Protein chains: 4
Amino acid sequence: MFNFAPEFFSMSYSEKQNQILLTAEKLFANKGYDGTSIRDIAEEAGINIAMISYYFGSKEKLMQALFEERTSHIKLRIESLLKNTELTPFQKIEVLINDHVQKAVERQQFYKVMLCEQLLNKNPEISKLLLELKKQNADYMAELIKEGQKKGEFKKNVDVVLTMNTMTGVIMQTLMNQEFYKYYNNTKTPSGKDFHESIKTNLTNHIKVLFKAILSYEA
Amino acid sequence: MFNFAPEFFSMSYSEKQNQILLTAEKLFANKGYDGTSIRDIAEEAGINIAMISYYFGSKEKLMQALFEERTSHIKLRIESLLKNTELTPFQKIEVLINDHVQKAVERQQFYKVMLCEQLLNKNPEISKLLLELKKQNADYMAELIKEGQKKGEFKKNVDVVLTMNTMTGVIMQTLMNQEFYKYYNNTKTPSGKDFHESIKTNLTNHIKVLFKAILSYEA
Amino acid sequence: MFNFAPEFFSMSYSEKQNQILLTAEKLFANKGYDGTSIRDIAEEAGINIAMISYYFGSKEKLMQALFEERTSHIKLRIESLLKNTELTPFQKIEVLINDHVQKAVERQQFYKVMLCEQLLNKNPEISKLLLELKKQNADYMAELIKEGQKKGEFKKNVDVVLTMNTMTGVIMQTLMNQEFYKYYNNTKTPSGKDFHESIKTNLTNHIKVLFKAILSYEA
Amino acid sequence: MFNFAPEFFSMSYSEKQNQILLTAEKLFANKGYDGTSIRDIAEEAGINIAMISYYFGSKEKLMQALFEERTSHIKLRIESLLKNTELTPFQKIEVLINDHVQKAVERQQFYKVMLCEQLLNKNPEISKLLLELKKQNADYMAELIKEGQKKGEFKKNVDVVLTMNTMTGVIMQTLMNQEFYKYYNNTKTPSGKDFHESIKTNLTNHIKVLFKAILSYEA
DNA sequence: CATGAATGAGCGTTCATTCAT
DNA sequence: CATGAATGAACGCTCATTCAT
């Protein structure tokens, strides 16, 4: 059976365009959208200044292109999860958590850009896209929860948005504060690449504890 | 009994300076630091452009002044909490949560500015200030937790930073997504000022559930 | 007989005003008129910014005041020289040279300001003052020369302005290039205060040689 | 025989850049560096304000570019003079004087800028360049003088720097005071272009008289 | 398809000056 | 008599974008 992942159909960019997107992502993440000039991007990417407007139309549209490109990878791949009959509802939630943490750690740069954009939401196009994304994720989450409720494993009256916010919020906050995390636990944490793995494990387990409390009858 | 709140000693600004700070806070929150020009601030505040440099030295120092002014109000007033002998450890945690949610809702604008600054941390002076703040809050939290552990009410091996991140993350995420919260629960939520109250209650209760899971023996 | 020197009637300034003039002279000499802000002057002089406009009317008028104050001391005191019957014409010239070198070294700061102003002559008031000064000095010089010519000691057809320019030009150029002078003759020149004395002697003797060539029959 | 003039290798500017340099030279000469805004230059040159930073990087670098461009033409072309065996030492000095006067009159604007910069020397890059220039010219002059001394035509103990200062100083002073020169000798001087020629002749002859006095045994 | 040249607008800042006290 | 507060204008510079080639 053919399974066309969404990004399969997404507009495909040339290598140069991808290079621009990657550079833009990095700079937007570290200096913010307004703090990054197209000169910065062009210089860092080793391309002509005019290329960005040429390829993407404008700085704003470059940002949109970045969001379209990156969010297509971020969408929770949950359809198969919903259909799955072998996993218990909470096991599915766990898969979801694993997936989200994994992606957030993998794509930290873009997550920073996204978080910043959500804060300011100056670009209506992107706001729309993000709203759609949130809606979809919330719907998926709601369905998973409903399934657990039907099976009697999850309690009633679960606030879906607060539940989403819990997952997203802890992840974001932890990603943002990695340095502080390292600093505060300096003797207990590994360094380098192991740190990422360690933080991923801790974060995942922590969120699972939270979700158990949110979803199960007696927290 | 005399109780000198921290802001009692804080540098006091003239009415005009406070007006500038307030306007800057609002615009920084909605358009970001780099997206806000001093002309924007001056116009919105109804003052001359030159006044900002005149009063604060530079745009950057205005930002720092804003942080110094606002963070003095944000510090968790926890000393008395620590000394208190009537409340159980978890009741103290609850006070902490109430306090934090209360402040975050009250001072949403500045929280947005702060979150954004934490993401980009381009200003070393502010980063230092924020680090100090995080450290202090983490230390307070650690002490509260240790107390609970000594009394046998909290489990061992609590990750202080993840615990902090849970509270802060959920609050931030919820504040940032208020519109989505309203939209997603549109039939169930009140509007206007009641919404703020409702979200505060929900958020507080939600976080208490999470903290119970984090701190108590069986999650 | 009463002899009221010109500066006798000059406007007398308060101590504070003199302090401002002194500071302005120094800064104008080192950074130029346009490169010096009244803030610079006020800060360096330890007075309020508004004082300058208050005392002198404007930055421009401060400059004029400086010129009026300083040029009154610079005018060649030549009247008595002209009347003197004991000195030979060339001895009188020598007195003139001594006097001019002495003053230029003594008042280097102001000479720099004056040279700069002569170059740009943006201020008509000052230009007028300087023209008057030049005219007077040229007239004096012309008279001295005429006296020498009458006595048959100086040749005819002496170009007065070129003669003035020779004296002034060498002095200026040497003052301006003191550092280079020191650098180029590093082993042969004394340091510190002696350097000033040494340069004064060399300069005076040098100019006397030049004037002998200019004025005497066979060069 | 190939004769690569120094400017042959100098960085070549586009016509527009040369136009900017020319305009900047003129305005710097008449209003000073700090008294000239890049807006002034842009307006006078009929180009966009941004072009100056675009072409030269900054106002300061424009100034440096001007100095580099113009000083390459100013260097005394003396090598061939030194090797020449037909001219007497003093004839060589005369060539030098002619050359210098010629250039100063031709390039009055730049000479004013240079004189001003020497006075204030705020730009270290330019100061370095000027020092190099002065050093070179002094070295050349020293060599010429030494040659004359060896041949027994020039006296010993000639102060090279004072000698240089004499030439430069008189030229500068005369250029600066052209208007006064004209005014003082108003009946005797031609007007318009002839004035330049007349002043050049007078100046050259005058300096030759001075140099004869400086260099020959009995002044 | 790609790029150096060029632009108008706006940036944060500093200017000399004025004004209310 | 003296000064802190305040101002409009201008400063040098950088911005995102356009255009001719």
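It should be emphasised that the depicted structure is a prediction, and the values quoted were computed from it without experimental measurement. In what follows, every chain begins at residue 1, and chains take the letters A, B, ... in the order their sequences are listed.
Between C:F28 and C:F110, the distance separating the two ring centers is not shorter than 6.0 angstrom.
Scanning all heavy atoms of the two residues, the minimum distance from B:I41 to B:T23 falls at O-CG2, 3.7 Å.
Counting to the nearest Å, the P atom of F:dT14 and the CD1 atom of D:I52 are 13 Å from each other. Atom NZ in B:K31 sits about 12 Å away from atom P in E:dG10, given to the nearest Å. Whole-Å rounding puts the D:E43 CD to F:dG12 P distance at 13 Å. Rounded to an integer number of Å, the gap from CD1 of A:I20 to C1' of E:dA2 is 12 Å. To the nearest angstrom, P of F:dA16 lies 15 Å from CG of A:N123. The CG-C1' distance, from D:L62 to F:dC13, rounds to 14 Å in whole Å. For B:I41 and E:dC11, the CD1 to C1' distance is 13 Å, given to the nearest whole Å. Counting to the nearest Å, the P atom of E:dG8 and the CD1 atom of D:I47 are 11 Å from each other.
Of the possible donor and acceptor atoms, none in the side chain of D:S53 sits under 3.5 Å from a partner among the backbone N and O of D:A50. In this structure, B:K112 contributes its side chain and B:N30 its backbone to no donor-acceptor pair below 3.5 Å. Using a distance-only test at 3.5 Å, with no hydrogens or angles considered, a donor-acceptor pair links the side chain of B:T36 to the main chain of B:L27.
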Full working for side-chain contact (heavy atoms from CB on, under 4.5 Å) between C:E132 and C:T71: CA-CA 11 Å; C:E132 215 54 48; C:T71 51; over 6 Å; no
C:L22 vs C:E25, side-chain contact (heavy atoms from CB on, under 4.5 Å): CA-CA, chis, key distance, verdict: CA-CA 5 Å; C:L22 195 66; C:E25 182 181 51; 3.8 Å; yes
Derivation of the side-chain hydrogen bond (donor to acceptor under 3.5 Å, both in side chains) call for D:N123 and D:E117: CA-CA 8 Å; D:N123 185 319; D:E117 190 59 25; 5.4 Å; no
Where protein sits on nucleotides 15-21 of chain E, one letter per nucleotide: B base, S sugar-phosphate only, - none, heavy atoms under 4.0 Å: BBBB---
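Helical stems involving DNA chain E, defined as 3 or more consecutive Watson-Crick or G-U pairs under 3.5 Å, span E:2-21 with F:2-21.
A cation-pi arrangement, defined by a distance under 6.0 Å to the six-membered ring centre and an angle within 45 degrees of its axis, is absent between C:K61 and C:Y55.
Residue D:N48 places at least one side-chain N or O closer than 4.0 Å to OP1 or OP2 of E:dG8.
Backbone-only engagement by A:Y55 is indicated by non-hydrogen atom pairs under 4.0 Å involving sugar-phosphate atoms exclusively.
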